[in-house]
Asks: 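I'd like to ask you about the structure that follows.
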Amino acid sequence: MNSESGDKDIAQLLARSGPRPEPSSAARQRVHDQLLEVWQQLPDEREVATSLPIDEIQDNPRRITARPAVFAMAAAVGVATIGAWLSWSVMTNDPTPIAEIAYSTGGYAVTPPGDGSSELLSGSTIRTSDQGRMLLVLDASTTVRLDHNTRATLRSGEEIYLHSGRLYLDSHGGKSHVQVTTKRAAVTKVGTQFEVSVADDELEIAVREGQIKVQMDDSQTLAKASNGLGEVLHYNAEGQQSKKVVATTDVERWHWTQLSRPDFDIASATYYDYLNWAARERGLTLRFADEILEQSARNQTGGGRYDASDDDIDEALYADGFFARAPGKPHELLVTRP
Amino acid sequence: MSDPTQLPLHAEDAALVQRMLAQDRRAFEAFFDAYFPRLYRFAMSRLSDPALSEDIVQETLTKGLKALAQYRGEASLHTWLCQICRNEISGWMRKDGVKQARVVSFDDHPGIKAVLESASAVSADYSEDLDTERLVHLTLDYLPDKYGRALEWKYIEGLSVQEIADRFGVTAVIVQSLLARARSAFRDCYINMQQELKVNS
């Protein structure tokens, strides 16, 4: 075998050797069941996390307020079961980059420390400071934002463990099945935007788009957003669940997510890309007056950098004179012709 | 998380162990799927007895689970478990009065063991005296689990990059990068073992 050859040598070698022999499924099942019993009887050395000092925000009663308490949850953490997938990087010895820091403000720390690049490896734990926020890109269609005082571990490209604080996951159009797990629950998205907050003994999950599934112990709860309203599930220290709804456009609720990402650079995208982005940032549903107009937006590129504010949307739309914003439902961004 | 100033060499393995100790069921399943087949082959290469190998591996993994809290990540989890397995096999042999010299696998040779455990890169000539199939399978088993699976899926089962990506639940770009690293690691490890066997034959 030539160490400098292409893959032909390996291909021939492996084809000649054939697959590795596997133990019988019966043997596998026997050993698995017996080992499972042994493992389940091991002492539970689950991490007992101390709460980060999350500031009480007096002017927003919907935020979870901090208590000087230590996590004492004894509830088992359930595992969502969409298909039978394995945690990608945890089972490997290879430190694969699974996310990239696309934006950050304030301070943060990564453990174990990386090489100074923006790439994050599987198993990395990120902790934002009390002024810090950041946006991570997992793949072409999935981003995660971390608020102040948030600690999260990227267990794999498809699982994020939230120790404490708040994160916002935005995933659209992709095939990924990113899951957010906490000490108490596992939240799986079905093409969606949602927020998970962990503070002391409380857990809150808010859906802004699509649908999520929350697995906790033996129970499963679905929550969704539709027609401009998103469901919010709140679990108190005793595990009792309460539900309410919040407008997808509620500024007070969602504004922090807009502080955790950069502006949009239209120079490298189409009008459709920008409008779709702005709509998602604002919790709006993008609609065009007709298909021809939508196709036009998909084909035209613009210029400049814009935010997702109303002023910026209007400025971007009017920049070339092809589009205008029309009055629509409160949760819609309706684009028409001037 | 571990002290960042004293990171274990095999941080991924250490992270998996921590998750298992925290009663993460998926971590247990990942552990079992990654190590049971490989340890089984490890035992079979020495014992050639499926039922006995199953018993030995079950005992190995049981002891491994019970000693998990002591795993520090200085050696790979695979190496650590293989050592437990060697001890189990030796214990069985002593108990059954079997002379240990009768069952020796070439990966027990100190030179080969060192190669397999470090997979350092040295080029060497190909030797046709080797048990190619066993050497290939041994190399695949000692590589990180996903390397071995990716190589088998691509070059034995003939899956496309996208099909492999679908099986792993990741993007095709990641699989392409993975395959490049897997080929390199396989090549290095295989060549080194051949070299060691030639030197010591």
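In what follows, every chain begins at residue 1, and chains take the letters A, B, ... in the order their sequences are listed.
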Asks: Quick test of your reading: applying salt bridge (Lys or Arg N to Asp or Glu O under 4.0 Å), list the pairs with at least one residue in residues 55-65 of chain B, sequence neighbours left out, ordered by first then second residue.
Replies: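 The answer is B:Lys63-B:Glu88.
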Asks: Please state whether the side chain, the backbone, both or neither of B:Ile156 comes within less than 4.5 Å of a heavy atom of chain A.
Replies: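 For B:Ile156, the contact with chain A is made by the side chain alone.
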Asks: Just wondering, do A:Arg127 and A:His163 contact through their side chains at under 4.5 Å, heavy atoms?
Replies: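 A side-chain contact is absent here, since even the closest heavy-atom pair is not under 4.5 Å.
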Asks: Are B:Glu163 and B:Arg167 close enough for a salt bridge, meaning some N to O gap below 4.0 Å?
Replies: no
Asks: Using non-hydrogen atoms and a 4.5 Å limit, figure out which bit of B:Pro37 sits close to chain A: side chain, backbone, both or neither.
Replies: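 Contact with chain A is through both the backbone and side chain of B:Pro37.
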Asks: Measure distances from B:Met20 to the heavy atoms of chain A and classify the residue's part below 4.5 Å as side chain, backbone, both or neither.
Replies: both
Asks: We want to know whether A:Thr188 and A:Gln215 form a side-chain donor-acceptor pair, criterion being a heavy-atom distance below 3.5 angstrom.
Replies: no
Asks: For A:Arg28, which residues count as a salt bridge (charged side-chain N to carboxylate O under 4.0 Å, His left out) partner, sequence neighbours excluded?
Replies: B:Asp33
Asks: Tell me, for A:Gln40 versus chain B, whether the close heavy atoms (under 4.5 Å) come from the side chain, the backbone, both or neither.
Replies: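 When you check distances to chain B, atoms from both the backbone and side chain of A:Gln40 fall under 4.5 Å.
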Asks: Is chain A contacted by the side chain of B:Leu179, its backbone, both, or neither, given a heavy-atom distance below 4.5 Å?
Replies: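 B:Leu179 has no heavy atom closer than 4.5 Å to chain A.
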